[in-house]
Protein chains: 2
Amino acid sequence: MSEARIELLRGTLDLLILKVVALGPSHGYAIAQRLQQISKDFFQVHQGSLYPALHRLEDRDWLQAEWKESETGREAKFYSLTKKGRRHMEAEVVNWGRLVDAVGLVLRAPAKES
Amino acid sequence: MSEARIELLRGTLDLLILKVVALGPSHGYAIAQRLQQISKDFFQVHQGSLYPALHRLEDRDWLQAEWKESETGREAKFYSLTKKGRRHMEAEVVNWGRLVDAVGLVLRAPAKES
DNA sequence: GCATATATGTCGGGTTTCTAGGCATTATCA
DNA sequence: TGATAATGCCTAGAAACCCGACATATATGC
């Protein structure tokens with residue numbers, strides 16, 4: 001009923017994460033925070049989505065992980081982009097643009113002639 | 001490797017269908033064709049996605065169906081927007097715009113200061 | 001008679017996300 | 001000191017949605 005929750009569009013999260021990591025290596029918790037800040041609170045990534053996504057991206061060799069000390073002096077898993085990941089990200093950015101264009105065509109389609 | 005298939009972004013299909021139907025009542029097969037034409041072949045809606053989506057939209061009272069004779073002289077199920085469906089569609093269009101803006105913020109985010 | 005286009009539908013499988021937890025450490029504040 | 005919040009990682013189960021494959025039927029044209 002209420003459905004007031006902002007649900008992430010499926011398939012978008014991977015790209016967003018890759019892009020945030022491309023800004024500089026970061027760990028999961030910080031990635032989620034950055035994503036929320038940059039998007040002005042639009043994206044609120046839940047942990048149940050975040051960590052599976054990170055593992056997925058690592059499995060596909062788009063991210064690589066390394067345990068290091070975080071800003072707060074605690075151990076955290078820092079992710080960085082692989083070459084493959086950067087290529088994939090760039091391709092996905094292009095693809096996203098095409099998708100937005102295509103949706104735009106539909107949304108702006110004029111009413112049919114009778 | 002190749003994975004060249006263009007997969008529809010999950011959650012977009014409903015909006016696209018509602019928008020196409022808003023252009024004028026139509027049946028499933030024609031909706032898929034229009035979607036493909038309008039989007040310049042970007043969207044190719046498969047039957048396994050199309051018909052479940054139509055039933056879903058009807059269940060939610062966003063579309064209503066009526067059997068009529070199609071252009072080719074055959075019986076076809078014509079869908080039209082309900083008032084509820086139109087309201088939902090308009091809200092989803094706004095939401096889509098916000099989503100695109102938010103993704104845009106992330107994709108255009110400048111590299112961090114060190 | 002047969003292929004193709006039109007037209008609707010189902011089924012199973014795969015992917016992704018959410019909810020809802022669990023666990024551990026450090027910082028803050030009463 | 002003790003409680004609570006913030007930081008940081010993780011998993012399991014369920015739901016939603018899309019795809020590929022398949023099944024069915026009629027109309028048209030060769």
Side-chain angles (χ1 to χ4, degrees), chain A residues 1-18 25-37 42-60 62-63 65-79 92 99 103, chain B residues 2-18 20-21 25-37 42-60 62-63 65-79 92 99:
Chain A
M1 195 50 57
S2 64
E3 59 183 308
R5 71 179 180 284
I6 298 175
E7 197 162 323
L8 197 60
L9 203 55
R10 309 227 163 172
T12 320
L13 182 58
D14 288 5
L15 172 57
L16 295 175
I17 289 177
L18 289 175
S26 188
H27 58 274
Y29 195 85
I31 291 171
Q33 285 188 320
R34 279 207 213 167
L35 213 39
Q36 186 165 349
Q37 287 165 9
F42 190 87
F43 296 122
Q44 291 166 30
V45 185
H46 306 256
Q47 297 186 336
S49 313
L50 175 69
Y51 292 107
L54 288 170
H55 300 156
R56 197 163 62 228
L57 297 175
E58 197 182 357
D59 285 345
R60 292 175 186 166
W62 294 336
L63 292 183
E66 184 190 5
W67 284 94
K68 276 201 297 186
E69 208 173 289
S70 82
E71 317 77 38
T72 62
R74 317 230 314 251
E75 286 299 300
K77 209 169 170 183
F78 279 74
Y79 290 92
E92 282 303 309
L99 176 79
V103 172
Chain B
S2 62
E3 60 184 308
R5 74 177 181 288
I6 298 174
E7 195 162 324
L8 197 59
L9 205 53
R10 309 220 166 175
T12 320
L13 183 57
D14 288 5
L15 173 57
L16 295 175
I17 289 178
L18 290 174
V20 168
V21 173
S26 189
H27 57 274
Y29 195 85
I31 291 170
Q33 284 188 320
R34 278 207 214 167
L35 214 38
Q36 187 165 350
Q37 287 165 10
F42 190 87
F43 296 122
Q44 291 166 31
V45 186
H46 306 252
Q47 288 123 326
S49 315
L50 176 68
Y51 292 106
L54 289 170
H55 301 154
R56 195 163 64 226
L57 297 175
E58 198 183 355
D59 285 346
R60 292 175 187 168
W62 294 336
L63 293 182
E66 183 189 5
W67 284 93
K68 277 202 296 186
E69 208 173 289
S70 81
E71 316 78 38
T72 63
R74 315 226 321 248
E75 287 298 300
K77 209 168 170 182
F78 278 75
Y79 290 93
E92 282 303 308
L99 176 77

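Reminder, nothing fancy here: chain letters follow the sequence lines and each chain counts from 1. The model shown is predicted, which means the values in this text are computed figures rather than measured ones.
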Tell me: [atom1] of [X] to [atom2] of [N], nearest whole Å?
X     : N      : atom1 : atom2 : answer
A:R56 : D:dT11 : CZ    : P     : 13 Å
B:L63 : C:dT8  : CG    : P     : 13 Å
B:L50 : C:dA7  : CG    : P     : 12 Å
A:L9  : D:dA16 : CG    : P     : 17 Å
B:F43 : D:dC18 : CZ    : P     : 11 Å
B:H46 : C:dT8  : NE2   : C1'   : 17 Å
A:K77 : D:dT11 : NZ    : C1'   : 13 Å
A:D14 : C:dT17 : CG    : C1'   : 11 Å

Working to the nearest 0.5 Å, report the span between OH of A:Y51 and CD1 of A:I31. 9.0 Å
A:Y29 and its side chain to side chain contact (heavy atoms under 4.5 Å, CB included) partner, picked from A:K77, A:R34, A:Q47: A:Q47
Pairs under 3.5 angstrom, nitrogen or oxygen only, protein versus nucleotides 3-6 of chain C, please.
| unit_1 | atom_1 | unit_2 | atom_2 | d |
| --- | --- | --- | --- | --- |
| C:dT6 | OP2 | B:Y29 | OH | 3.1 |
| C:dT6 | O2 | B:R74 | NH1 | 2.8 |
| C:dT6 | O2 | B:R74 | NH2 | 2.2 |

Got a list of protein N/O to nucleotides 10-12 of chain C N/O distances below 3.5 Å?
none

Test item: [X] and [Y] side chains (from C-beta on) under 4.5 Å apart, heavy atoms:
X     : Y      : answer
A:L13 : A:S49  : yes
B:F43 : A:V103 : yes
B:D14 : B:R56  : yes
A:Y79 : A:L57  : no
B:L16 : B:V45  : no

A:S70: partners by side chain to side chain contact (heavy atoms under 4.5 Å, CB included), with sequence neighbours left out: A:H27, A:T72, A:R74, A:A76, A:F78
Test for a donor-acceptor pair under 3.5 Å between the base of C:dT15 and the side chain of B:R10, counting only N and O atoms.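 Looking at the base of C:dT15, it does pair with a donor or acceptor on the side chain of B:R10 (distance under 3.5 Å).
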Is A:L13 touching bases, backbone alone, or none of the nucleic acid, heavy atoms closer than 4.0 Å?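 If one applies the 4.0 Å heavy-atom cut-off, A:L13 turns out to touch the sugar-phosphate alone, with no base involved.
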Which part of the nucleic acid does B:G11 contact within heavy-atom distance under 4.0 Å: base, sugar-phosphate only, or nothing? sugar-phosphate
If every non-hydrogen atom of A:L50 is compared with every non-hydrogen atom of A:G28, which pair is closest and at what distance?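 The pair with the smallest heavy-atom distance is CD2-O, 3.4 Å.
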